[in-house]
A.B. asks: 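Can you read through this structure? Questions will come right after.
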Amino acid sequence: MRIPESWLRSMANPSQDTAALAHLLTMSGLEVESCEPVAPPFSGVIVGVVRTVDKHPNADKLALCTVDAGRAGEAPLAVVCGAPNVRAGMRVALAQVGARLPGEGGAQLEIRAAKVRGVESQGMLCSARELGLSDDHSGILDLPDDAPLGRDLRDALALEDQVFDIKLTPNRADCLSVLGVAREVAALTGVRLAAPRIETTAPRNDTRLPVRVLAPELCGRFSGRVIRDVNAQAATPEWMKQRLSRAGQRPISALVDISNYVMLELGRPSHIFDFDKVRGGALEVRWGKRGERVELLNGQTIEVDESVGVIADAAGVEALAGIMGGEATAVSDKTRNIYIEAAFWWPQAVAGRARRYNFTTDAAHRFERGVDYATTVEHIEHITRLVIEICGGEPGPIDDTVTRLPERRPVRMRVARAQKVIGVPITGDEMAGVFERLALPYEWEGEDFVVTPPSYRFDLEIEEDLIEEVARVHGFERIPAHPPRAPARMSALPETRRSLHAVRERLAAGDYNEVINFSFVEPAWEADFAGCTDPIRLLNPIASPQSVMRSSLIGSLVDNLRYNVARKVPRIRVFEVGRVFLRDAAATDGPLTVAGLRQPVRVGGAAFGPALDEQWGTATRSVDFYDVKADVEALFWPVAVRFEAAVHPALHPGRAARVLRDGRPTGWIGELHPQWQRKYELPGPAVLFELEAEALERVALPRAEVPSRFPAVIRDIAVLVDSGTTAQALLDAISAEQPGIVRHVGVFDLYQGSGLPSGRKSLAFRVVMQDTERTLTDAEADEARNAIVALLSRKFSATLRS
């Protein structure tokens, strides 16, 4: 929002200078992004008047002008000019010899006396672009006839005026006007607010344009007036052009300029129809109908539907409600009779409609945030006065149709609550003074304020909104900045708990890099990787692909792999510690919980590419299930976990396992399913795991063991068992009944193939035996080995492999 300082000070003129005023606005929540003069620096340019214009003797496209610089007793200056619009009698911007004009890159161009095609030129007549006022280079600047002759141009056109570029938050629609910002300045500084006077204009004819509002949920109020016999060719006054230009609006024509001027001044978008082009002699305000089309003022022809509000006549749609008028009823130089419309459009009925058609407008920007619904008639009166002053005409009566207006509920604010939130003991009387300066009607109820928001403040709905008003008007700079203080207490970490930070450290030590992903994901991820066809959906997602809450970390990790693979990363190891979201009827509301929703923390990881970085000492091979299984076992150490084959929707059906701790499922590990590998464009297999963080955090109490001083004895056993028998079953049986001297039994070989009986496989175990008090004999070791063989033979019909 661009606000010329001179326009702002015409309504509220505090004693602060420009810089102080900009700082004050910024600290109150209206961020001033920049404050710049309306013209770049230049000097030596004055107001001159062209006395004569003669043809240049040596050039067809140049003119030799005599220009009066307004100096008594001095002859006019001879200036060569090539502008097509130069004429005798016009007032011009004369750059005298020695003047310095804006140049490229911040440099300045000095004007010197020079000969142009053999004729001396004693200066230069400047265009708006040469002075840095605009991009217009079609001709020299045509100054008003009352511009003071000989006056410095910066003073004559008030070019030292500053323009504030204010960045507003979406809730402060009331400040999308000069009046709205002036209200703020008056409240912050205590100066009197000089709002524009609204004068009533009596009707001079009975002409009306009937309007039917068929959609109260679209339009809460619709006001209008006919003015006959206007002069649409009248020139826009220079003062209005100047204010419009400095506020960022290009002057177009008197009627359009008046509508834009009132929008910038009061925040009220309006529209002026050519009354004679309205077909059927009436208007309807309704929702659009599928298939209806309208050509807009920007030249774009669009098709509307039932979700877009329109203003229509007997022939069809003539305007998009609260967004833009149509070309069919637009005013032109031939317009004689006009209809002025000012309405209150419900914000939710306008929001997003303009962006649907790939454009936006000043009107839509305001209406979708909320425009004052109580002043439509007053603003039509203001527009009427300007139209009559500039274009003449005879006004008819104002029609005002009210269907449904917002209900402004009183908002309660507790003094003690405000003091606690702000952190400063602001008294109740000071708070009352803030509300008075902001013109917010209030009443006392005990120790509470009950404030009724005015019609232009759509942002005041809850107690915190009023607390914010008190804080910013009181002054954020007056609130002392105290660093947070907390008692430094040593917190004991139980020996049976391991922190998530320690889990992260183990994974980082295992060559994994931590990633942080959004908790909301694509619905397809939930279906593919969690088998969930009814995920928890967001009511207001930040983007359509991120519209559901994740119940698994696997989708996010696969996306991380895909992102890095697309950028030619050959070897990837990533992990994430994050929450998942699961429906659970047993979950109750609490400080960090939501009823019906369980939010456990999980630890997930993914590995892709070579098992090791390429090196001369090791052959390159791809990471496999057992590499990542070792990482998971190291993550749980010293707790031993088990793995059992199972089926998971995200994982390869033959290369996936459920992770068990103390006999309870605590996670998954496996290779990504080939179907998802193809769908998500991974050139090779990836191995993933997902574990419950709570299971990783629980550890057993440390237990001391005396190491043996005596050598260990090793025996290898290879047995033939049925193909369906798992190695884990054999290990469990050995662990349950192993001799006392056996310290460890592990599998080191599996063979299935030729040379073995049908339906049998070979498993080889390494048995480590040791005693803490003596050296074992071969006979003792052989006896223990034989006991294990007998055990396996008895329970699994195992036979020694010869």
Side-chain angles (χ1 to χ4, degrees), residues 4 6 36-56 58-71 74-117 119-163 235-239 241-246 248 250-251:
S6 59
E36 298 175 347
V38 297
F42 62 81
S43 60
V45 183
I46 62 172
V47 177
V49 60
V50 178
R51 296 302 184 191
T52 64
V53 178
D54 298 315
K55 188 172 181 293
H56 192 288
N58 302 321
D60 293 335
K61 294 184 179 181
L62 298 179
L64 180 58
C65 307
T66 56
V67 183
D68 187 351
R71 298 191 185 95
E74 291 188 12
L77 302 174
V79 179
V80 175
C81 178
N85 66 327
V86 66
R87 68 183 187 279
M90 74 181 296
R91 304 227 164 187
V92 294
L94 171 63
Q96 309 167 92
V97 174
R100 304 183 73 85
L101 303 184
E104 294 183 1
Q108 288 195 318
L109 174 67
E110 183 178 355
I111 301 301
R112 300 174 182 173
K115 284 191 175 183
V116 181
R117 294 290 184 93
V119 177
E120 184 174 3
S121 180
Q122 298 172 310
M124 174 180 172
L125 304 186
C126 302
S127 68
R129 189 169 76 177
E130 288 161 341
L131 295 174
L133 302 179
S134 73
D135 292 330
D136 185 10
H137 196 52
S138 59
I140 59 174
L141 197 61
D142 192 352
L143 301 178
D145 293 338
D146 59 354
L149 191 61
R151 185 90 169 269
D152 187 284
L153 189 70
R154 300 192 74 87
D155 295 334
L157 299 184
L159 298 181
E160 298 299 336
D161 190 12
Q162 302 284 319
V163 176
T236 303
E238 287 299 325
W239 62 268
K241 284 184 179 180
Q242 184 184 92
R243 285 184 169 181
L244 287 171
S245 298
R246 294 179 183 182
R250 181 175 61 88

A.B. asks: Once rounded to the nearest 0.5 Å, what's the spacing between atom CD1 of Ile111 and atom CZ of Phe42?
C.D. replies: 12.0 Å
A.B. asks: Would a distance-only check, ignoring hydrogens and angles, find a side-chain to backbone donor-acceptor pair under 3.5 Å from Asp145 to Arg91?
C.D. replies: no
A.B. asks: So which heavy atom on Val50 is nearest to which on Cys65, and how close?
C.D. replies: CG1-CB, 4.3 Å
A.B. asks: When rounded to the nearest 0.5 angstrom, what distance separates CG in Leu109 from CZ in Arg100?
C.D. replies: 8.5 Å
A.B. asks: Which heavy atom in Ala83 sits nearest to a heavy atom in Ile140, and how many Å separate them?
C.D. replies: CB-CG2, 3.5 Å
A.B. asks: Determine whether Glu120 and Lys115 satisfy the following criterion, salt bridge (charged side-chain N to carboxylate O under 4.0 Å, His left out), listing intermediate values before the conclusion.
C.D. replies: CA-CA 4 Å; Glu120 184 174 3; Lys115 284 191 175 183; over 6 Å; no
A.B. asks: Rounded to the nearest 0.5 Å, how far apart are CG of Leu131 and CG of Leu159?
C.D. replies: 8.0 Å
A.B. asks: Rounded at 0.5 Å granularity, tell me how far CE in Met90 sits from CG in Leu143.
C.D. replies: 7.5 Å
A.B. asks: Identify the heavy atoms of Lys241 and Thr236 that sit nearest to each other, and give their distance.
C.D. replies: CE-O, 3.6 Å
A.B. asks: Which atoms form the tightest heavy-atom contact between Pro37 and Gln162, and what is the distance?
C.D. replies: N-OE1, 3.4 Å
A.B. asks: Identify the heavy atoms of Cys126 and Leu101 that sit nearest to each other, and give their distance.
C.D. replies: SG-CD1, 4.0 Å
A.B. asks: Please confirm whether the backbone N or O of His137 pairs with a side-chain atom of Arg129, one donor and one acceptor, at under 3.5 Å?
C.D. replies: no
A.B. asks: Under 3.5 Å, is there a donor-acceptor pair between the side chain of Arg246 and the main chain of Pro4?
C.D. replies: no
A.B. asks: What distance separates Asp155 CG from Glu160 CD, expressed to the nearest 0.5 Å?
C.D. replies: 7.5 Å
A.B. asks: Measure the CZ-OG1 distance between Arg51 and Thr66 for me, rounded to the nearest 0.5 Å.
C.D. replies: 8.5 Å
A.B. asks: Looking at Val80, Leu141, Val67, which one forms a side-chain contact (heavy atoms from CB on, under 4.5 Å) with Leu125?
C.D. replies: Val67
A.B. asks: Return yes if some donor-acceptor pair links the side-chain N/O of Gln108 with the main-chain N/O of Ser43 below 3.5 Å, else return no.
C.D. replies: no
A.B. asks: Main chain of Val116, side chain of His56: is a donor-acceptor contact present, judged purely on distance under 3.5 Å?
C.D. replies: yes
A.B. asks: Taking 4.0 angstrom as the limit, do Asp161 and Arg243 come out as a salt bridge?
C.D. replies: no
A.B. asks: Give me the atom names and distance for the closest heavy-atom approach of Leu62 to Arg117.
C.D. replies: CD1-CG, 4.3 Å
